[in-house]
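This report refers to the structure that appears directly beneath it.
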Amino acid sequence: MITYQEALEKIADACELLPVEEIPLRQSHRETLAEDVFLLEDLPLFDNSAMDGYVLRASDIRHASEKKPVILVCQGVIGAGEASQLSVGAGTCLKIMTGALIPPDGDSVVPVEKTLSEANRVAFGEPAEPGDCIRRRGEEMKAGERLVEKGNLIDSVVWGLLATANKASVPVYQKPKVALLVTGDELVEPGEPMKPGSIRNSNGFSMLGALRELGVETIDLGVGRDDRADLEKRLEEGSRADVLITVGGVSAGDFDHIRDLLAEGFLGFKESFYKVQIRPGKPVRFGTMGKTLVFGLPGNPVSCLVGFHLFVKPALRKMWGFREWENPVYRAILEEDIHSPAPVLNFWRGKVSPKGGSGEWRVVPKQKAGSGMLTTFLDANCFVPVPIEKDRLVRGDTVDVIPLGGF
Ligand code: AMP
Ligand code: MG
């Protein structure tokens, strides 16, 4: 049986970047940027006012004080976006709006709140320094500098920066298409009548939801019955996706036909590994059908989600061109003991939160850990892995935590 790290390496090796396509900026939110974006012009593009106020020559109000304000005559107004012909003459000022171009000979802006005005006469009760309230051309970044790195998710901030950089269209990696097949004769949809031994199909929801939360394109292959012909048909459809996830039917059961089909190399399936030294989720199968990555996850409601977070999610990020595709690992202080005698890497669910003002993080592990108990994921926001060589973690230990959220 291979280790968790070995499994991750095998998966990473099998991941190929998805093709790049150029799409309109408007449609690119939550896609992955496929090239570095450089600024062609300085940012900001021109000296502009940081405030609504008056632009003047600082030397003109050098002696201003509350007792002896300096009065300047205001000779006009400059709005944002206006290509004004006005300039600041000695002993005068211009009213100026936030973002407006600084006119020639003006060297500072005094916010309107710091002035008193009557008709076109404006009183200044304190001096100003050259440069006050002016945003200088290029002060944020210079033309030629790299604005956003390839492999960034186009989140709200990146989206805004791409607009700033005048990218009307952007190259992105194609969105992964992920097919999901849940299997089992015992599965019954919500609302449908149950028979003795039936169980509700929860994985069809939890797994589809997990995929949707990543923003990938999902193909729901429905519920496959423990019947070869039915499964063959659904697998065939799934093999056209970039990633095919099957849930259930991969273990040692008599009716685990997915296992048999994969073992026989159905649709050219090439197995990379089967079984990883982890709990829950040990009987996970991974391989490829042509260019399609195939994850055969066990059917227990916790096991398949564990497989999803540990293996499927990093693979999807890598294919999708994410610069940071591996699951991050943080550290937190454990609040309750965890017992984990089996020699496996055991992924407990937990809830990590800041430890009131101390700058440290604390993690409360779920006390139940059964692989069939989906409730152990409820309110959980991380895994707490118990290393193979340890049979317990103790309250007060500083432990690894792997956050579940965030993509
Ligand atoms: P399997 O991997 O098919 O042997 O399934 C392992 C366990 O998970 C069994 O108890 C199944 O009933 C349960 N299971 C499989 N698929 C689902 C599903 N879609 N929803 C809820 N439980 C499931
Ligand atoms: Mg089954």
Side-chain angles (χ1 to χ4, degrees), residues 1 7 178-214 218-235 237-238 241 243-264 266 269 271-287 294-313 342 344 346-347 349 366 368-378 380 404:
M1 209 185 323
V178 186
L180 176 69
L181 172 61
V182 303
T183 66
D185 277 346
E186 72 281 31
L187 302 179
V188 174
E189 291 297 305
E192 297 295 321
M194 302 276 275
K195 290 187 301 210
S198 297
I199 59 157
R200 294 287 176 202
N201 169 23
S202 65
N203 296 341
F205 292 84
S206 59
M207 292 294 293
L208 191 66
L211 288 168
R212 285 194 184 166
E213 280 160 20
L214 303 185
T218 53
I219 302 163
D220 187 353
L221 300 174
V223 180
R225 296 301 156 191
D226 291 332
D227 165 87
R228 278 182 70 109
D230 180 57
L231 294 173
E232 281 179 8
K233 198 177 75 209
R234 293 176 200 261
L235 286 176
E237 192 188 340
V243 173
L244 166 61
I245 302 172
T246 67
V247 183
V250 284
S251 319
D254 283 358
F255 310 106
D256 286 352
H257 296 299
I258 297 266
R259 173 204 58 206
D260 294 343
L261 285 165
L262 295 181
E264 289 161 21
F266 183 62
F269 177 76
E271 184 165 295
S272 168
F273 63 78
Y274 173 54
K275 285 196 179 166
V276 185
Q277 258 179 316
I278 59 166
R279 178 183 284 175
K282 176 177 77 176
V284 46
R285 206 177 280 271
F286 173 71
V294 182
F295 292 88
L297 303 180
N300 270 313
V302 173
S303 307
C304 58
L305 269 184
V306 168
F308 170 80
H309 285 289
L310 295 182
F311 301 125
V312 181
K313 202 161 68 171
V344 290
N346 201 332
F347 290 89
R349 277 70 70 206
K366 291 278 180 176
K368 289 189 178 164
S371 60
M373 301 179 185
L374 186 56
T375 51
T376 61
F377 264 106
L378 193 62
L404 299 176

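One-based numbering, in listed order, for ligands and for the atoms of each.
Residue contact annotation: Asn300 has a non-hydrogen atom under 4.0 Å from ligand 1. Heavy atoms of Gly253 stay at 4.0 angstrom or farther from ligand 1.
Close approach of ligand 1 to Asn201 (heavy-atom distance below 4.0 Å) involves ligand atoms 18 (C), 19 (N), 20 (N). Ligand 1 places these atoms under 4.0 Å from at least one heavy atom of Gly249: 1 (P), 2 (O), 3 (O). Below 4.0 Å from some heavy atom of Thr183 lie the following atoms of ligand 1, by number and element: 16 (N).
Scanning the protein for heavy atoms near atom 9 (C) of ligand 1, the closest one is Glu186 OE2, 4.1 Å. For atom 17 (C) of ligand 1, the closest non-hydrogen atom on the protein side is Asn203 ND2, 2.9 Å. Nearest protein neighbour of atom 22 (N) of ligand 1, counting heavy atoms only, is Ile199 CD1, 3.2 Å. The nearest protein atom to atom 2 (O) of ligand 1, hydrogens excluded, is given as Gly299 N, 2.8 Å; this is a heavy-atom distance.
No side-chain heavy atom of Leu221 sits under 4.5 Å from any side-chain heavy atom of Leu180. By the 4.5 Å heavy-atom criterion applied to side chains, Val306 and Phe377 are counted as neighbours.
The backbone N or O of Asp185 lies less than 3.5 Å from a partner atom in the side chain of Asp226, making a donor-acceptor pair. A donor-acceptor pair under 3.5 Å is formed between the side chain of Arg259 and the backbone N or O of Ser251.
In Arg212, the CZ atom is not crowded: 12 or fewer heavy atoms of neighbouring residues, nucleotides or ligands sit closer than 6.0 Å. Other residues, nucleotides and ligands contribute over 12 non-hydrogen atoms within 6.0 Å of the CZ atom of Arg234. Within a 6.0 Å sphere centred on NZ of Lys282, other residues, nucleotides and ligands contribute 12 heavy atoms or fewer.
Looking at Val250 against ligand 1, nothing comes within 4.0 Å, counting heavy atoms. Residue Arg200 touches ligand 1 through its backbone alone, judged by heavy-atom distances below 4.0 Å.
Of the N or O atoms in Leu187, none lie within a sub-3.5 Å distance of an N or O in ligand 1.
Summarising the geometry, atom CG belonging to Leu181 is positioned 12.0 Å from atom CD1 belonging to Ile219; distances are rounded to the nearest 0.5 Å.
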